[in-house]
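Just below is one structure, and these are the notes that go with it.
Everything quoted here is computed from the prediction, not taken from an experiment. A note on names: the letters A, B, ... follow the listed sequences, proteins ahead of strands, and every chain is numbered from 1.
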Amino acid sequence: MKKKYSIFSLIKNAFSYHENWGKAWKDPTPKKEYEAVIVGGGGHGLATAYYLAKKHNMKNIAVLEKGWIGGGNTGRNTTIIRSNYLWDASAGLYDHALKIWEGLSQELNYNIMFSQRGVMNLAHNLQDVRDLKRRTHANRLNGIDAVYLSTDEVKKFCPIINTSPDIRYPVLGGTLQRRAGTARHDAVAWGYARGADEMGVDIIQNCEVKGIKRNGDTVEGLETTKGFIKTNKIGVAAAGHSSVIANMAGLKLPLESKPLQALVSEPVKPIIDTVVMSNAVHAYVSQSDKGELVIGAGTDDYVSYSQKGSHDIVEGTLNAILELYPIFSRMRMLRQWGGIVDICPDASPIISKTSIKGLYFNCGWGTGGFKATPGSGDLFAHTIANDEPHKLNAAFNINRFVSGDLVDEHGAAAVAH
Amino acid sequence: MFIINCPYCGEREQSEFKAGGEAHIVRPKQPTELSDDEWAEYLFMRKNIKGIQFERWNHSHGCRKWFNMVRDTSNDEIKAVYKMGEKPPIE
């Protein structure tokens, strides 16, 4: 049993200069057989293992991670959390996640630094205005908090935005979801890892999956760099590498993996206390607790697994940032990086069974998977444990690309894809 | 970011080009006789290879012609470019 983190444990450990904190999770060698194996130790994979153990009483499970946990897209995103999606299915999915976020620090006994600082989306042309108003109404019908703001209200909420009518893409209005915000992405992975480990889940790092063993249409186990692991249930949460794992099982997925970039500036004093996103010019910005501006750029249009994107994408985003926030013109950017995002043709995720028994996929989150982490884990765990989807992820089955019942969030969501 | 050798214009910056996805996906000869599964395969399913991939590109800010490319998607190294209708120079 792990020691609970509290003010008292903090004081106690202060006396030994914080050198005697216990390990948050073990470093086990893989067993020969597991009830279920999760491929991918990012937020989604760890959350899935956590909920499998917690809600479905499956304790003999493992999470396999080829690198270190949270080292992929979990540690590379811009940490934005919101649920203001247009379609009912998406609204249900993302708001389920947002409701879990609201109590997650307490549940995990781990400070994930969830901050409901609001997310504002800007409109720059008349079509944007119509789309955002429509989305605001759709959100409210689905019980999601959303308000439409005039240009003056945008300026009042975030005074550093340039709302002059003279700029190339003037701000004509915006929407605000006050329950939305940010969380510390690394802490989410670590908190779930600690919670899952405590319930007996084996978190195995530096263990890459090399093959999937099938007997006809049923899975039998995984070939890994740490040997063969027998299991009847494999849940894949491998983000950009989902297609690589699918190919091992002889499956093809409707995914394309592309680089998505982000960058942070040097740290400065508090200047922006919310998250502002703008589709039309593709610029979004927030400020981390360390004071860095966190800026998200767009995806490249070509398939790549190289974790680096094109310079012109970053340049385009910074052009837009500077037009909207002239105050940032002398900021220096400190770091820039890329992550590989797996994008579905309808820009909605897949949380689904497959044609192979015992093989489940949680993929296609594209540019916006972080916000869904707790909900995604919860629903994927439900799908794996019951071999049936939960009603909230039923629409996100893989078969929708055959039936044509797509969840088309391309451009309809609050951000351009 | 990389330099692309357009078969019509020569070496240009990648930002002049538009990627057009996986190449050599043949349009079905009898679309009316396709099952839903076959339509899904043609429209949506992609190899999304990590490694050597055959793909289409368009020199959208140049000659505006389409051509094919062989590229290693794990490190963005371009192995070959060839015109539409030509056989791939690499297996």
Side-chain angles (χ1 to χ4, degrees), chain A residues 66 208 238-248 250-259 261 298-316 336 338 340-348 350 354-355 363-364 397-406 408, chain B residues 1-6 11-26 28 31 34-62 64 66-81:
Chain A
K66 73 171 171 181
E208 188 175 352
H241 281 71
S242 297
S243 295
V244 176
I245 305 284
N247 288 342
M248 292 174 189
L251 276 184
K252 236 160 133 184
L253 295 173
L255 296 175
E256 286 193 309
S257 296
K258 297 175 176 180
Q261 297 177 85
T299 51
D300 279 294
D301 63 353
Y302 53 87
V303 170
S304 178
Y305 290 83
S306 67
Q307 288 191 329
K308 46 186 184 189
S310 300
H311 183 70
D312 55 299
I313 299 280
V314 170
E315 199 178 9
Q336 168 273 345
I340 301 305
V341 297
D342 44 326
I343 304 175
C344 271
D346 60 354
S348 285
I350 295 168
T354 64
S355 55
C363 59
N397 64 68
I398 207 164
N399 208 40
R400 72 178 188 266
F401 297 97
V402 176
S403 69
D405 192 11
L406 304 178
D408 189 5
Chain B
M1 183 153 178
F2 36 84
I3 303 286
I4 294 174
N5 188 10
C6 170
E11 288 190 347
R12 298 294 178 89
E13 274 189 27
Q14 170 253 318
S15 57
E16 288 188 15
F17 296 82
K18 179 93 183 133
E22 192 180 318
H24 308 299
I25 298 174
V26 182
L34 249 48
S35 69
D36 287 352
D37 280 316
E38 288 165 330
W39 267 122
E41 179 74 22
Y42 168 69
L43 281 176
F44 297 128
M45 301 302 164
R46 294 293 176 262
K47 289 183 190 149
N48 197 22
I49 289 169
K50 183 180 186 179
I52 302 294
Q53 168 159 296
F54 295 82
E55 52 195 18
R56 302 176 303 174
W57 284 74
N58 181 248
H59 194 179
S60 53
H61 294 286
R64 299 179 66 193
W66 284 91
F67 60 95
N68 291 318
M69 186 191 290
V70 190
R71 191 170 55 94
D72 187 338
T73 59
S74 65
N75 58 14
D76 292 339
E77 197 181 311
I78 298 170
K79 303 290 184 190
V81 288

Nearest heavy-atom neighbours spanning [X] and [Y]:
X	Y	answer
B:Lys47	A:Asn247	O-ND2, 3.7 Å
A:Glu256	B:Glu22	OE2-N, 4.4 Å
A:Asp301	B:Ala19	OD2-N, 3.0 Å
B:Met45	A:Lys252	SD-O, 3.6 Å

Greatest number of non-hydrogen atom pairs under 4.5 angstrom with chain B, of A:Ser403, A:Pro259, A:Pro345, A:Gly404, falls to A:Pro345

Which atoms of [X] are under 4.5 Å from chain B, going by heavy atoms: the side chain, the backbone, both sets, or neither?
X	answer
A:Leu251	neither
A:Leu255	both
A:Val303	both

Bottom line for B:Asp37: the part with an atom under 4.5 Å from chain A's heavy atoms is both

The interface call for B:Glu41 against chain A, heavy-atom contacts under 4.5 Å, is side chain

To the nearest 0.5 angstrom, please state how far the [atom1] atom of [X] sits from the [atom2] atom of [Y].
X	Y	atom1	atom2	result
B:Thr73	A:Lys258	OG1	NZ	13.0 Å
A:Ser306	B:Lys50	OG	NZ	10.0 Å
A:Tyr305	B:Ile49	OH	CD1	8.5 Å

_Please evaluate residues A:Ser304 and B:Arg71 with respect to the criterion side chain to side chain contact (heavy atoms under 4.5 Å, CB included), reporting the C-alpha separation (whole Å), side-chain torsions for both, the decisive distance (0.1 Å), and the verdict._
CA-CA 9 Å; A:Ser304 178; B:Arg71 191 170 55 94; 4.3 Å; yes

How about B:Ser15 and A:Asp312: does a side-chain donor come under 3.5 Å of a side-chain acceptor? no

Got B:Asp76 and A:Tyr302 here, is their nearest side-chain heavy-atom distance under 4.5 Å? yes

